[in-house]
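A, B, ... follow the sequence lines: proteins, then strands. Residue 1 opens every chain.
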2 protein chains.
Amino acid sequence: MVLTEKQKQLIQKIGIANEKHGMQPAAARIIGLLYVSDKPELTFEEIGEALHISKSATSNALNLLMQTDRMEYTTVSGDRKRYFRLKISNWKDGFTKEMESLTNFSQLIMEVLAIRTSETPEFNKSLAELKDFLIFINQELPLLMEKWKKSRES
Amino acid sequence: MVLTEKQKQLIQKIGIANEKHGMQPAAARIIGLLYVSDKPELTFEEIGEALHISKSATSNALNLLMQTDRMEYTTVSGDRKRYFRLKISNWKDGFTKEMESLTNFSQLIMEVLAIRTSETPEFNKSLAELKDFLIFINQELPLLMEKWKKSRES
DNA sequence: AATTTAGTTCTCTAAATTAAGAACTAAAGA
DNA sequence: TCTTTAGTTCTTAATTTAGAGAACTAAATT
């Protein structure tokens, strides 16, 4: 696994971007590695070596990534190694999940509205507006996904 | 500042939701407090007392929240206290910002595509599809915001 | 001038996160 | 059966983060 400077750079950038979204550093860089790697499937050993991380760190990160459905592996018969690869298609699902967290938030806002004092009509009004905005987004995003699918079909 | 059980519960929930998005615990709970508080403006002291956090923690968290444009304060003449309140309207801006981080990611993907080997046409194809999806989303979200604005006007 | 008030900053500690390294397990091969 | 391989788990150390408490500043009050 020889990586060019540019590849290393991108691994860092993708790593940092993912860390910002709450991912562990090692896991974040593994994602980056698999984006730029010339081989789309890498073994446990190759991953650890390429990123200079220990077996324990590699193992933990890979298992985390599989639990969160961002990676998967295949095996080849007569070979005990696992071949790890990205589940790219899941990015779209990931997007959808991100949106679901919006739904949760909009439910929280509704709970808040339900217990708020009526002494603060103005504040409550902007909170209600926020709630409506979130509901709007929640309605529109699935439509957006539909639109995307259709534009692909044609 | 007497808080009901329900209020305390919601502060926790909102706090955790915000922590998941990378916010510091104290700051996240302050946001929660201001959502449920009967007074939409609270002083430094009230905030620290209600959440049982020290002056240093209160000070740091409030300044962070103001730097990130999630809170602001007003003053009343003849009163040295600051009255802190949420910038709720900024949630929408926050949404837009969140979407901008998507734009950044789509640029990273383009950088990746630019240096990828042509030996992996299938992988490259799904990466290109991901890129198109991100571009699509980036185009559509501003339109969505427009639609929202219009629906409000009428 | 001395004191009070409102908030900031500094120092230190506790807790959480991250990952290394070694010991381990389980399957396959010699 | 002994060894190798692939990966896991446990223990420990280093780093980072969060926040308490005390010392401090600057304005206002007495």
| message | Any donor-acceptor pair, under 3.5 Å, between the side chain of A:Ser56 and the base of C:dA20, if you only look at N and O atoms? | response | yes
| request: Please find out if less than 6.0 Å separates the ring center of B:Phe95 from that of B:Trp148. | output: no
| field | Length of the line joining B:Leu65:CG and C:dG7:C1', which is rounded to integer Å | value | 16 Å
| query | For A:Lys81 and D:dA6, what is the distance between atoms NZ and P respectively, to the nearest whole Å? | reply | 5 Å
| remark: Of B:Ala57 and A:Thr58, the one whose closest nucleotide on DNA chain C sits nearer the 5' end is B:Ala57
| remark: note: B:Met71, atom CE; C:dG7, atom P; distance rounded to Å ~ 12 Å
| said: For A:Lys20, I'd like to know if atom NZ has over 12 heavy atoms of other residues, nucleotides or ligands within 6.0 Å. | reply: no
| field | Whole-Å gap separating C1' (D:dA6) and CG (A:Leu42) | value | 16 Å
| Stepwise, does the side-chain contact (heavy atoms from CB on, under 4.5 Å) test hold for A:Leu10 with A:Tyr35? | CA-CA 9 Å; A:Leu10 279 170; A:Tyr35 269 114; over 6 Å; no
| request: Could you verify whether a donor N or O on one side chain and an acceptor N or O on the other, from B:Thr117 and A:Asp38, lie under 3.5 Å apart? | output: no
| field | Nucleotide nearest B:Lys55 when distance is taken to its side chain, options D:dT9, C:dG7, C:dA26 | value | C:dG7
| query | According to the Watson-Crick and G-U wobble definitions, with both distances under 3.5 Å, which nucleotide is paired to D:dT12? | reply | C:dA19
| query | Which nucleotide in the set C:dT8, D:dG19, D:dG7 lies at the smallest distance from any side-chain heavy atom of A:Arg82? | reply | D:dG7
| task | Let me know the distance between CD1 of B:Ile53 and C1' of D:dG21, rounded to the nearest Å. | result | 14 Å
| query | Once the angle between the rings of B:Phe84 and B:Phe44 is folded into 0 to 90°, is it parallel (under 30°), tilted (30 to 60°) or perpendicular (over 60°)? | reply | tilted
| task | In sequence, state the C-alpha distance, the side-chain angles, and the governing distance for B:Lys125 and B:Glu122, and then conclude on salt bridge (Lys or Arg N to Asp or Glu O under 4.0 Å). | result | CA-CA 5 Å; B:Lys125 199 183 150 201; B:Glu122 219 171 308; over 6 Å; no
| task | Could you tell me whether the phosphate oxygens of D:dG19, OP1 or OP2, come under 4.0 Å of any side-chain nitrogen or oxygen in B:Arg29? | result | no
| Value in whole Å for how far the P atom of D:dA6 lies from CD of A:Glu46 | 11 Å
| said: Counting only side-chain heavy atoms from C-beta out, which of C:dT5, D:dT8, D:dG21 sits nearest to B:Arg80? | reply: C:dT5
| query | Which atoms form the tightest heavy-atom contact between A:Glu19 and A:Gln24, and what is the distance? | reply | CG-C, 4.4 Å
| field | Whole angstrom value for the distance that separates C1' of D:dT8 from CD of A:Glu45 | value | 16 Å
| remark: To the nearest angstrom, the CG-P distance between B:Asn60 and C:dT8 comes to 9 Å
| field | Residues from residues 8-28 of chain B lying under 4.0 Å of DNA chain D - heavy atoms | value | B:Gln24, B:Pro25, B:Ala26
